Every structure is written in C-alpha cells, then in structure tokens.
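Only one structure is covered here, and it is reproduced in the block below.
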Amino acid sequence: MTARPALTAGGGPSQVFDDLRVLDLSRWVAGEFCTKTFADFGADVIKIEKPGEGSLTRHRGPYPGDTHNPEASALFLHLNTNKRSVSLDFSTTIGRQLLLELAAKADLVVESFRPGTLECHGIGPRALHEANPRAVIVRISAFGQTGRYRDHEATGLVLQAMGGPLNATGAADRPPHRKPGMLDHCTIGRMAAEAALGGLFSARRSGRGSVIDVSGMEALLAGADRRASYLLTAAYAGMNAPRGVRSPHRGAATFTGSFRCRDGHVMLYVANQVFWNRLVDLVAAGDDGFRTRFRDRFSFDSPEEQRAFRDRVEDWFATRSKHDVMAHGQAAGIPLTAFLDVGEVADSEHFRGRGYFIKADHPAVGELEYLGAPWRMRSGWRLRRTAPLLGEDTADVLAELNTPLAPAEAPGGAEPV
Amino acid sequence: MTGAPLDGVRIVDLTVVWSGPGATTLLGDLGAEVIRVEDPRRTSRGVSARTADREVGGREYATRSYPERDPGKRPYDRSPIFNWHARNKLSVSMSLGTPQGHADFLRLIEKSDVFIENNTKGVLAKLGIDYDTLSAVNPRLIVVRMPALGLDGPMSDYRGYGPNFNALVGIQAMDGYADGDPTIAGENYHMDEASPAGAAFAVLAALWERERTGRGQLVEFAQAENVMHEIGEYFLDHQMNDRVPAPAGNRDPLVLQDVLPTAGPDVWVALSIRHDADWRALEGVVGAADWLSEGRTGELRTRNADRLLEHLADFTARYGVDELVDLFQSAGIPAGEVMSEARVLADPHLADREWFQTRSHPTVGTYPYPGHPWRTDGFELRWGRPVPGFGEDNAYVYKDVLGCTDAEYDQRVAQGLVSDEQIV
C-alpha cells in the first residue's frame with residue numbers, strides 16, 4: 001500500500017467546514033450520505049468501523065468484476081470520500097472509552113443503529129453529552145426514536161411505501177412502483193445533514209448540543225416529494241392521489257411521459273398551453289390541418305382524437321434520434337430531454353465541460369473519476385482523498401487523541417482496537 | 001430552550017414552483033425570517049382567481065384540491081401545491097419590473113442576509129438584479145441561485161421539469177418496471193426532492209463561511225449536479241465494469257422484494273427479505289409450503305425470485321394489509337403498507353409522535369398539516385402560521401423593515417404597486 005497524504009495536514013485552500021470534526025458511527029447509506037456532505041466540504045469525518053467487517057456499504061457493491069471486496073465497493077467508495085476510518089469495537093470496555101474520548105473532541109456525532117442500540121453499549125446521548133455537552137447528536141432510524149413503529153424493520157422499499165407517494169405510482173393495472181437505486185436513503189441522509197448543520201448553528205450560539213431524531217418515514221413524508229402536497233390535499237378535500245395518472249396536480253392540460261426514439265427515449269413534459277402549442281407546431285411540420293385542429297386546445301374531445309394526436313407525436317419521435325428530438329424540442333422551447341445513461345452523462349459535453357468529474361487514485365481500485373461539486377461556493381467542495389481502507393487511520397487518530405488508553409504501537413496503522 | 005438556530009437571519013425568497021420553495025421552508029423551520037417577494041400581476045403560486053373560476057365544478061383532482069373543494073375568492077391562499085411549503089413564510093407584494101418596485105427590492109436586499117431563487121437562468125439579469133448589482137448594495141449578502149443545469153455550459157438554457165432533468169443525469173434511465181422500457185413509472189420528480197435539503201444546506205454552509213470571513217458570496221446550486229450524487233455508485237460501476245443500470249422495478253439484486261397484493265382492492269404491501277434470517281422468519285409466518293425450500297439461501301432467492309414472489313403474492317393476497325404487516329413485523333421481517341394519504345393522516349404511530357400539526361388561517365380554515373422532517377430536544381423549530389395570505393405582510397415589510405412612512409406606503413397602495421390581492 002502506498003502512503004497517502006494525511007487528510008488534516010495543511011496545504012490546499014481552506015474549506016468551509018475545516019473547523020469541524022464529525023464522528024460517523026453510521027453503516028448504511030443515509031448516515032454515510034449525511035457525513036459525506038460534511039467531509040466533502042472540509043470536515044474531519046472519522047468513521048468508526050467494526051474491526052474485520054466495516055461498514056455495511058462495503059459489502060453491497062457493485063465491485064470490479066463482481067467479486068466481493070470490502071475495499072472496492074462502488075457504493076462505499078462513493079459515499080466515503082474524504083473520510084478517515086478507525087477500526088474500533090465499542091462493545092469492549094476500552095473501545096467504549098476510546099469512543100467517548102473521540103466524542104469529547106467531536107462537534108457532531110451521526111449514528112443510524114436501531115433505536116436503543118447505543119444505549120445498550122453505554123454510549124447513548126446521555127453518555128455522549130457527559131463527555132461533550134456541545135455535541136450535536138444526529139440519530140437516523142426508520143421510524144424515529146419513539147412511537148409504536150420504533151422497533152419495526154424497514155428497507156428503502158418499505159419506507160417509500162409508508163413515507164413516499166408510492167400509492168400514486170405505477171400503471172393502473174400493475175403494482176405501485178418505487179423510485180430506483182438508493183434515492184430514498186439519500187433523501188433521508190440529506191435531511192439529516194441539513195438537521196445536523198442546523199444543530200451546529202444552535203450549538204455555536206448557545207454552547208449547548210442537541211439530540212436530533214430523524215425518522216426516515218417522516219423525512220419522506222415532509223419532503224418535497226409529491227407526498228406532502230398530496231397529504232395536504234387529503235386534509236383539505238378528502239381526496240387520495242389517484243394511481244396511474246401522472247402528476248394529477250397539474251390537471252388536464254398536461255401531455256407528459258416517455259417516448260421512444262430511434263435509439264432510446266425522451267421525456268416530454270408539456271404542462272401548459274404555451275408548451276402545448278409549441279409541441280403542436282413541432283410535430284405538425286407543415287400539416288396545417290393538424291396544426292389548426294390541435295392548437296389552443298386544453299383537452300381531447302374523444303379517445304380517438306387523443307389516439308390520433310399521440311400517434312403523430314410517437315411517429316415524429318420514433319423516426320429520429322433522441323439527441324435530434326431533444327435539440328428540436330429545446331430549440332422550440334419545449335421541456336423535452338433525452339434519457340441519458342450514466343455513461344452518456346459522463347461523456348456529455350455539458351457536465352464534462354463544467355469540470356464536474358474529478359480523477360483520483362485509490363489503493364484498492366486505482367484511478368477512477370468521481371462526481372464533483374454538488375454545488376459551487378467559495379471554500380467549497382474538494383476531493384482531498386478517496387475513501388479510506390478499513391482501519392486505515394486507526395493509528396493516526398489514536399495518536400492524535402494522545403490517550404494512555406490507546407495501544408502504544410499500532411503496526412501498519414490498521415490494527416483494530 | 002435556546003431559540004431557533006437562524007433567529008435574526010433574513011432571507012429574501014424569489015423561488016417558484018417546487019424545489020426552491022422547499023428549501024426556504026426548511027430555513028424557516030430553523031427560525032429564519034423568509035420573505036416571499038410576490039408580484040401581484042404574476043401567478044407565483046401556480047393558481048389565480050381567473051384559472052380557479054374556470055376550474056369550479058371540474059372533475060379533475062387539481063380543481064378539487066382546495067379546502068372543502070372550494071377555491072373561494074382567494075384561491076392563491078388555498079392551494080395545496082403552494083401551501084405544503086408555505087409554513088412560517090412572509091408574503092410581500094412587490095413589482096420588480098417597476099422602478100419603485102426595483103428600488104424597494106434593493107432596499108430589502110440591503111437589510112437581508114440571503115437571497116435565493118430558482119428561476120430560469122436569465123431572469124435575474126432581465127430584472128436588473130444580478131449578483132454584481134446585489135453585492136454592491138450589500139457585500140455580506142449570500143446569493144443562492146438554483147439553475148437546473150448550472151449558470152454555464154451547452155445545456156444550461158435547457159427547459160424542463162424534474163423528470164426532464166432526471167432524464168439528463170441518468171436517473172430516469174433506471175426507472176421503470178423490470179421487464180419494460182425505462183419510463184417514469186413512479187411519481188419520480190426526484191431532482192425536486194433532492195434540491196430543498198441540499199440548497200438549505202448550501203445556504204447554511206455559506207452562512208457558516210460568512211461567520212469566518214464576514215463576506216457574502218454567490219452560490220451556484222446546479223440542481224442536476226446535486227442530485228447526481230444520489231446515484232454516484234453507478235458512475236463508478238460504469239468505469240469498473242463498463243455497464244449501466246437498467247430499470248429494476250421494485251426488485252433489488254441482493255434483497256428479495258416487491259410490492260404485493262393484499263385482500264383489499266388496490267391495497268398493497270411492500271415486503272423485503274434481506275437475508276437468511278428473514279427467510280427463516282418467513283417460513284415461520286407462512287407455515288408448511290413446498291416452495292419454501294426454494295429460497296433458503298441468497299443464491300436460491302436470486303435464481304428463483306420470480307417464482308418465489310408469485311408464491312408470496314398468493315399468500316399475501318389472502319390477508320388484509322394490517323394483518324400482513326403485523327404477521328411480518330412480529331417476525332422481524334421488513335413490511336409496510338403502501339399507504340394512501342387517508343391512512344397516513346390516521347396513522348397511530350404518527351399520532352404517537354404528534355407529527356401532524358393542526359393550524360388555522362382566516363382564508364383557509366383549520367386543518368392538519370405535514371410536520372417537520374425531523375425533530376430535536378436541543379433547540380426550537382418554528383411551525384407557526386401555516387400560510388401567508390397574499391401580501392399579508394406588506395405593512396410589516398414596507399414600514400418596519402424598509403422604514404417607509406405611512407404616507408409612502410399609502411402612495412404605493414394607491415398606485416397599485418402594493419396589494420394584498422393577486423390581480424391576475
């Protein structure tokens with residue numbers, strides 16, 4: 001293993017959070033997304049990982065060649081940039097004491113264990129606040145630290161069912177349909193990060209820490225997903241959001257959805273009369289009869305008429321490439337975009353031209369391109385180091401603690417304690 | 001109690017539609033004074049008295065979503081697509097296109113900490129309020145702009161809504177039933193979902209930075225680049241294995257899961273079997289059945305997923321959803337009802353946690369509102385007035401914040417520049 005530059009040493013421009021230390025006890029996507037937000041903007045994030053096992057995201061993959069390797073999981077590599085890793089078992093007496101010493105020097109502690117787990121190990125909020133009254137403690141769980149579902153089990157799919165607008169999704173004759181990937185967990189992690197920073201502002205003002213309870217279900221219910229507006233509609237008017245009808249809030253003037261092109265798909269989102277007329281002009285293409293028939297309409301008079309219109313749009317798109325359709329649509333001022341896969345996004349002149357992708361080396365997977373700044377500000381995002389190997393920073397972090405508890409020599413820097 | 005974290009921070013809010021307003025809601029929760037600047041001649045809340053008139057008696061969901069399905073005389077105060085994010089905010093009427101409105105706006109900027117907007121790229125320049133103009137008036141001002149694709153680059157003028165930009169960043173290509181074309185099978189407006197907490201965090205970060213430097217700055221929050229971080233692992237996988245993700249429906253490569261029918265009409269249950277322990281617990285729930293031997297290992301569950309889920313669907317279709325959730329959760333298996341809004345409103349767990357907040361407003365009535373996304377015992381969060389009536393805070397903003405005399409204020413009202421009614 002080649003030596004890697006220390007994360008906390010000087011050099012490089014300052015970053016907004018380089019005055020913050022975060023103790024990251026989380027092991028799954030929401031917690032790691034939350035602490036990544038701090039790490040990428042300069043905070044010293046210390047991940048506490050179970051010796052020999054490490055974060056659960058190390059065991060999810062995907063991996064190079066689909067071969068399980070906890071140092072090469074793409075999910076872990078993405079979520080843990082700029083963090084340090086300490087192997088530490090806090091179920092042992094010395095591990096618990098070391099954890100409390102680390103907490104004493106941390107501004108923020110993030111955890112996502114099942115409710116009650118930290119308390120069982122003697123490192124619950126009371127113990128953490130005894131060690132450090134200023135600490136902001138963010139607790140992420142599926143249903144919160146109280147209430148009758150507190151101990152229920154959940155996955156992202158279950159949380160989308162209960163927190164997201166899953167009941168309004170999918171084709172009418174098929175099951176409801178979730179959002180893909182880890183988007184649900186990331187939403188919860190984002191809310192947790194926003195909460196944590198709110199807590200840090202409060203701590204800076206008052207000198208006192210706080211305990212923040214992030215319930216995944218509530219974070220989804222309250223978010224900008226359509227759920228919050230549908231809930232309010234139900235409260236106001238007693239209506240549930242219909243299934244099989246896209247975006248019912250926008251009413252009858254919409255003509256939206258995905259359409260096939262010669263080489264892929266495009267997303268059309270005609271949400272008002274102006275866009276509608278532009279679409280009519282585009283697909284009419286010299287057919288004045290068609291243009292006159294459909295311009296300035298709000299709705300169709302019959303299913304046959306709707307079919308005729310849809311056929312024209314489908315034919316117009318099907319004979320062209322998705323990039324052609326997008327170019328024509330955008331030139332005409334219509335919300336019309338191509339479906340790009342992640343490879344096409346990575347090759348796109350737009351994101352590449354903006355310098356969004358950043359190459360960096362990692363001891364286990366070599367050089368890869370990582371996603372860049374999620375937003376741009378002075379003293380903002382930087383990739384200082386790729387994700388840590390399991391326990392890579394154990395020796396350094398314990399040495400910084402300067403505690404008699406730490407083993408005098410930690411060979412190779414990766415010895416678990 | 002120590003007050004709210006952003007007490008004393010004033011935010012000028014020129015956000016529209018969904019993602020921007022969602023961000024300022026979170027900042028208002030933290031105690032910031034969020035002042036929505038609204039032009040009485042624009043439909044900044046997505047509805048107007050004119051369109052509502054046309055909607056009365058309609059059968060569409062959208063036209064019946066007002067309190068008691070009645071748009072009333074002030075539909076712009078009564079629309080759930082505005083009111084879901086309207087808590088704690090102030091509303092001031094100001095016409096930026098007029099010389100007086102422009103001057104008033106700059107006075108407001110002078111007395112504020114943050115200005116945030118999510119209009120299309122060219123709007124600020126057109127209104128004569130680009131960053132250079134604003135920072136000259138107030139060097140401590142933080143300006144957060146949220147153009148979907150950034151302030152420069154070949155696609156930065158592209159038009160679109162959440163699903164359009166989802167498509168451009170790779171998310172939409174992963175959405176859809178496993179056997180079908182990529183589409184928008186769900187209510188997938190995910191860029192809109194990702195921006196509010198992200199942009200609120202960016203505002204907080206810039207305020208944190210200002211504490212150190214004393215200077216404001218321009219924050220460029222390209223919403224597409226922000227949301228892309230939620231699928232970052234697929235970009236690495238593409239480089240590692242030269243592949244791109246395909247639609248997977250409700251399925252997962254490592255977890256046996258789906259949304260399954262129940263005995264109730266269009267009532268569904270989400271069920272996940274994560275590992276062998278869940279499978280053993282499932283065997284206890286289902287009892288004796290031949291097919292259970294086909295799912296005892298992760299490898300078997302992956303190979304036989306279609307068949308196993310069919311058997312599970314046969315099982316779940318025999319029971320009501322409450323019974324199913326109870327059966328599975330008692331055995332430690334992740335399961336949850338696909339909840340209608342009515343079920344969420346009546347949910348006993350949310351009642352235990354007192355999550356919904358009942359609030360009143362004179363032009364809306366009294367209703368339960370979605371609560372905060374998170375809670376804390378260490379400081380206060382605001383959940384006060386549910387919605388500002390249009391122009392409800394005109395007098396406060398013009399007289400108390402900008403220092404207008406009564407005569408100056410009355411003159412603006414007489415000229416039609418200040419109104420507590422949306423005119424279009």
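The sequence lines fix the lettering, A, B, ..., with proteins before strands; numbering per chain opens at 1. Predicted model, so just to flag it, every value in this text is computed and none were measured.
- For chain B, the nearby parts of A:Phe143 are the backbone and the side chain; heavy atoms of each come within less than 4.5 Å.
- Using a 4.0 Å cut-off between charged side-chain N and carboxylate O, B:Asp7 and A:Arg205 make no salt bridge.
- Only the side chain of A:Phe357 comes within contact range of chain B, judged by heavy atoms closer than 4.5 Å.
- Two rings, from B:Phe201 and A:Phe38, have their centers less than 6.0 Å apart.
- At distances below 3.5 Å, not a single donor-acceptor pair connects side-chain atoms of A:Asn240 with backbone N or O atoms of B:Ser340.
- Using a 4.5 Å heavy-atom threshold, the side chains of B:Pro348 and A:Tyr149 count as touching.
- We find that A:Arg204 and B:Glu211 are joined by a salt bridge, their nearest charged nitrogen and carboxylate oxygen being less than 4.0 Å apart.
- If you measure heavy-atom distances from A:Ala196 to chain B, you find no contacts under 4.5 Å at all.
- The distance from atom CZ of B:Arg343 to atom CG of A:Asn167, rounded to the nearest 0.5 Å, is 11.5 Å.
- Contacts between A:Ile140 and chain B at a heavy-atom distance below 4.5 Å are absent for every atom of the residue.
- For the residue pair A:Glu194 / B:Trp374, a side-chain donor-acceptor distance below 3.5 Å is found, with atom types taken as modelled.
- A:Tyr236 and B:Tyr369 form a side-chain donor-acceptor contact under 3.5 Å, judged by distance and modelled atom types alone.
- Distance alone, capped at 3.5 Å, is enough to place a donor-acceptor pair between the A:His177 side chain and the B:Tyr177 backbone.
- Taking 4.5 Å as the limit, some side-chain heavy atom of A:Leu183 sits within range of a side-chain heavy atom of B:Ile231.
- With A:His350 contributing its side chain and B:Leu149 its backbone, the two residues share a donor-acceptor pair below 3.5 Å.
- In this model, a donor atom of one side chain and an acceptor atom of the other lie less than 3.5 Å apart for B:Thr183 and A:Ser258.
- Residue contact with chain B, scored on non-hydrogen atoms closer than 4.5 Å, involves the backbone and the side chain of A:Arg378 alike.
- Note on A:Lys179 versus B:Asp175: no salt bridge recorded, every NZ/NE/NH1/NH2 to OD/OE distance being 4.0 Å or above.
- No donor-acceptor contact under 3.5 angstrom links the side chains of B:Asn188 and A:Arg178, judged on distance only.
- Checked against the 6.0 Å centroid threshold, A:Tyr230 and B:Trp84 do not count as a close aromatic pair.
- Tested against A:Tyr269 for a ring-ring contact (aromatic ring centres under 6.0 Å, His included), the candidates B:Tyr161, B:Phe165, B:Tyr158 yield a single pass: B:Tyr161.
- Contact of B:Ser156 with chain A is made through backbone and side chain together, with heavy-atom distances under 4.5 Å.
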